[in-house]
Amino acid sequence: MTGKPKLWVTRRLSDATLERAARDYDAIINFDDGLSSDDDLVAMSAKVDAIIPCHSERFTAEIARKLDPRLKIIANHSVGVDHCDLPALKARGIVVTNTPDVLSDATAEIAMLLMLGAARHAAEGDHLVRSGNWNFWSPSFMVGKQVTGARLGIVGMGRVGQAFARKARGFDMDIHYYNRTRLPPHQEHGATYHASVESLLEKADFLSLHCPATPQTTGLMNAERLALLPAGAVVVNTARGALVDESALLAAIESGHIAAAGLDCFVTEPGGNPSFSAHRNIFMLPHIGSATVRTRDAMGFRALDNLDAFFNGRTPKDLL
């Protein structure tokens, strides 16, 4: 290849990322930050050698079949790759990478915010004060669920799950976890391993989801599994909306079996689930788990590191 590789950056990434991309590549940058259509993905594949997309761009099997042979690598600006049909892209000879490690702490911070916010009526309390309707107080007013010393269940003890567990230990939580494989003792730090999700749920006063969305985990938290949680449990999801059967969660909230939920991701994004909005004990954020300046820079640089390696004949660090 002569000259700089042609790169398409599908969304407006951090300023530092875009400056480096423009310096090192012949970059086409979506400064308007609008969402690209399926037709855009296919058309641009004939014009560029590489794409840095976000989870908002979906490379389905159908789209993968239509991509131009010019496109050589998709360097995702995300750790999750459920928006990419990896076998279909691999069949087309397209390299795919992601950005692990760098967003674990930021996402774990949001999980902690959601857990505390859901447990302590944060959304309801903020609305009450902000609306000017706070005109009453008593010892029984807005009594919530205490986090300190409670049993925490973590589904998915990867990078983010472990980062969340580290933060939860600051609240003296009794940590239980389910993972496809048990961690070595030095990574468990005293957490109790469960060989099944069902076993874990029975012990989880608070449940936090940190596993990837796959065909096996889609709808993981259905009505049957939600019913296994102790009465009054709190559910937190900062992973992917597909992990939760939203109708089942809504029913469990309305019945009172689930006391509250903290959600940063939804089946439909953007937009969320309008049915949740009627419930002040559902504390919601618009998928901002990794949205800090430091983390956004790190994600962008990690994607560019993978591109640099690829175009210099090396194996990208985060090859999938």
Side-chain angles (χ1 to χ4, degrees), residues 1-104 159 212-213 240 269 287 290-291 293-320:
M1 179 181 296
T2 59
K4 296 179 179 179
K6 192 85 169 182
L7 167 65
W8 179 34
V9 183
T10 66
R11 305 304 298 265
R12 187 179 184 117
L13 305 183
S14 74
D15 289 344
T17 300
L18 297 182
E19 288 171 8
R20 177 176 157 184
R23 182 194 70 197
D24 297 341
Y25 293 87
D26 183 2
I28 300 171
I29 298 170
N30 180 10
F31 286 105
D32 292 337
D33 208 19
L35 183 63
S36 299
S37 68
D38 292 350
D39 289 341
D40 292 332
L41 299 181
V42 174
M44 289 299 292
S45 72
K47 301 176 182 179
V48 299
D49 307 296
I51 298 176
I52 297 182
C54 298
H55 69 276
S56 51
E57 285 74 56
R58 301 193 62 81
F59 290 88
T60 63
E62 180 180 359
I63 291 174
R65 287 192 294 270
K66 297 177 182 178
L67 294 175
D68 193 90
R70 175 172 180 173
L71 179 65
K72 300 297 188 295
I73 179 170
I74 295 172
N76 284 294
H77 184 271
S78 63
V79 64
V81 290
D82 52 300
H83 60 291
C84 292
D85 190 310
L86 296 179
L89 292 168
K90 184 177 181 180
R92 294 298 315 277
I94 297 172
V95 171
V96 181
T97 63
N98 66 342
T99 59
D101 301 318
V102 295
L103 50 71
S104 301
R159 297 174 182 90
R240 286 290 187 264
E269 294 185 7
H287 206 142
S290 59
V293 172
R294 185 170 72 185
T295 295
R296 288 288 191 250
D297 284 348
M299 292 172 68
F301 278 31
R302 188 79 171 232
L304 288 168
D305 288 345
N306 286 318
L307 289 182
D308 292 349
F310 177 82
F311 286 111
N312 283 285
R314 304 190 308 274
T315 300
K317 182 177 182 179
D318 305 310
L319 179 67
L320 296 169

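Of the possible polar contacts, one joining the Arg70 side chain to the Lys47 backbone as a donor-acceptor pair under 3.5 Å is found. A donor-acceptor contact shorter than 3.5 Å links the side chain of Arg92 to the backbone of Arg65. Looking at Asn76, its side chain never comes within 3.5 Å of a backbone N or O of Asn98 through a donor-acceptor pair. Remark: side-chain polar atoms of Asp49 are not paired, donor with acceptor, to backbone N or O of Lys72 under 3.5 angstrom. Glu57 contributes a side-chain N or O that, together with a main-chain N or O of Cys54, makes up a donor-acceptor pair within less than 3.5 Å.
Taking 4.5 Å as the limit, some side-chain heavy atom of Ile28 sits within range of a side-chain heavy atom of Met44. Contact check for Ile51 versus Thr10: side-chain heavy atoms found under the 4.5 Å cut-off. When side chains are defined from C-beta on, Asp24 does not count as touching Lys4, because their heavy atoms never get closer than 4.5 Å.
Among Leu18, Asn30, Asp32, Ile29, the one residue that satisfies the side-chain contact (heavy atoms from CB on, under 4.5 Å) test with Arg12 is Leu18.
Residues that satisfy the side chain to side chain donor-acceptor pair (under 3.5 Å) test with Asp318, not counting sequence neighbours, are Arg302, Asn306.
Within a 6.0 Å radius of CD in Glu62, no more than 12 heavy atoms belonging to other residues, nucleotides or ligands are found.
Between the side chains of Ser290 and Arg296, at least one donor N or O lies within less than 3.5 Å of an accepting N or O.
For the atom pair CG (Leu67) and CD1 (Ile74), the distance works out to 6.0 Å, reported to the nearest 0.5 Å. Rounding to the nearest 0.5 Å gives a distance of 6.0 Å between CG of Leu307 and CG of Leu7.
When ring centroids are compared, His55 and His77 stay outside the 6.0 Å threshold.
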